[in-house]
Amino acid sequence: MHILITGGAGFIGSHLADALLDRGDSVAILDDLSTGSFENIQHLQENPRFSFAIEALRNSLALDRLASQADAIVHLAAAVGVQLVVKHPTETIETNVLGAHAVLRIARRYRCHTLIASTSEVYGKSAAAPFSEDDDLLLGPPSRSRWGYAASKLLDEFLGLAAHREFGLPVTITRFFNTVGPRQTGRYGMVVPRFVNQALRGEPVTVFGDGSQSRCFCHVSDVVRALAALLDRPAVTAGQIYNIGSDHEVTIIDLAEQVIERADSTSSIRYIPYQEAYAPGFEDMRRRVPDITKIRAAIGWSPICSLAETLDDIIACEREKISG
Ligand code: UDP
């Protein structure tokens, strides 16, 4: 298959490119390098089945050219990281909505199976964890920037499913829960790379709030395996939404302790109030757990990597980066 990955120089996109090339697919990447990095794809340059264009997505001639050669598009280009989203709310909404709009318009032209990456943020502050794809969604008010991200990704989902219903375009929506692994940067607020770097440098590990909030962390190799399998089954997955994530839940304080222990670190834990970490009035999710019954039934996928293995992998990679 020939696959176009938007945002392919990012954390998940570059791992997906690796996996697809490994199994014999051809991969083209379109990325503006706003949050992605050339370093992530540098090692692919010599591969004859790999090509890339460094360009913005919207109104991009490159998008048209690359899509015309593709069997499928994986649309990963989006605003990432809660801190970035709170700091640049306009750019976040424009990037997410106009980006998905541009991709779906081109996908219709060339009839490409299109995977639209969405997020567990769309479940909002619902307390009904584990979350299933057909659950009602509970977003906060527009006066709080965080929800602009969720609302914009939700609009992407609506756009994608509308194109499926109205024009028969094979569109699959993936709701990513917390995805972690090598190459993820802590620059935009993600907790695991931040904790690992703090622990390896012997700096205090910064727990926001009281640390009793929980998340489920899935290794990026598991996530990429799910994406590759979804691409193989357009007849089954078109018009569907799938949660992709681990269902092993851990509190953030427990995560901090595990990172410190596994990194052999002497770091202490520092508690930082939410209003200091983000902005006044910031609303965090207490729990975020996926129900992965639907994707398991559709393509037989479930995550393999344990949290301990995942943390060890990230710690080893970050340790190498720091010492190298
Ligand atoms: N968090 C934290 N310390 C940090 C960064 C994040 O305690 O240095 C917390 C954050 O408040 C949230 C959880 O870790 O409760 C996961 O944050 P992340 O930004 O990785 O993902 P989210 O699930 O919030 O999108």
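First listed ligand is number 1; within each ligand, the first listed atom is number 1.
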List the atom pairs, donor and acceptor, that lie under 3.5 Å between side-chain atoms in residues 177-185 and the rest of the protein, sequence neighbours left out.
| residue | atom | partner | partner atom | Å |
| --- | --- | --- | --- | --- |
| N178 | OD1 | R288 | NH1 | 3.2 |
| T179 | OG1 | F177 | O | 2.9 |
| R183 | NH1 | S14 | OG | 2.9 |
| R183 | NH1 | D18 | OD2 | 3.2 |
| R183 | NH2 | D18 | OD2 | 2.7 |
| Q184 | NE2 | T179 | O | 3.1 |
| T185 | OG1 | R187 | N | 2.9 |

ask   = Judged by atom type as modelled, is there a donor-acceptor pair below 3.5 Å linking the side chain of N96 to the main-chain atoms of K153?
value = no

message = Given a heavy-atom cut-off of 4.0 Å, could you list the residues near ligand 1 in chain and number order?
response = V82, E121, R146, N178, G189, M190, V191, R194, F195, T206, V207, F208, Q213, R215, I252, Y274, Y278, D284, R288

key: Steps toward side chain to side chain contact (heavy atoms under 4.5 Å, CB included) verdict (E203, R270)   = CA-CA 10 Å; E203 296 164 3; R270 193 169 126 225; over 6 Å; no

query = Does any pair with a residue in residues 219-228 pass side-chain hydrogen bond (donor to acceptor under 3.5 Å, both in side chains), and if so which ones, sequence neighbours excluded?
reply = H219-S221, H219-D313, D222-R225

query = Quick one: is the NZ or CZ of R175 closer than 6.0 Å to the six-membered ring centre of Y123, and within 45° of its axis?
reply = yes

task = If a pair satisfies ring pair (Phe, Tyr, Trp, His ring centres under 6.0 Å) and one of its residues is in residues 86-113, list it, with sequence neighbours excluded.
result = none

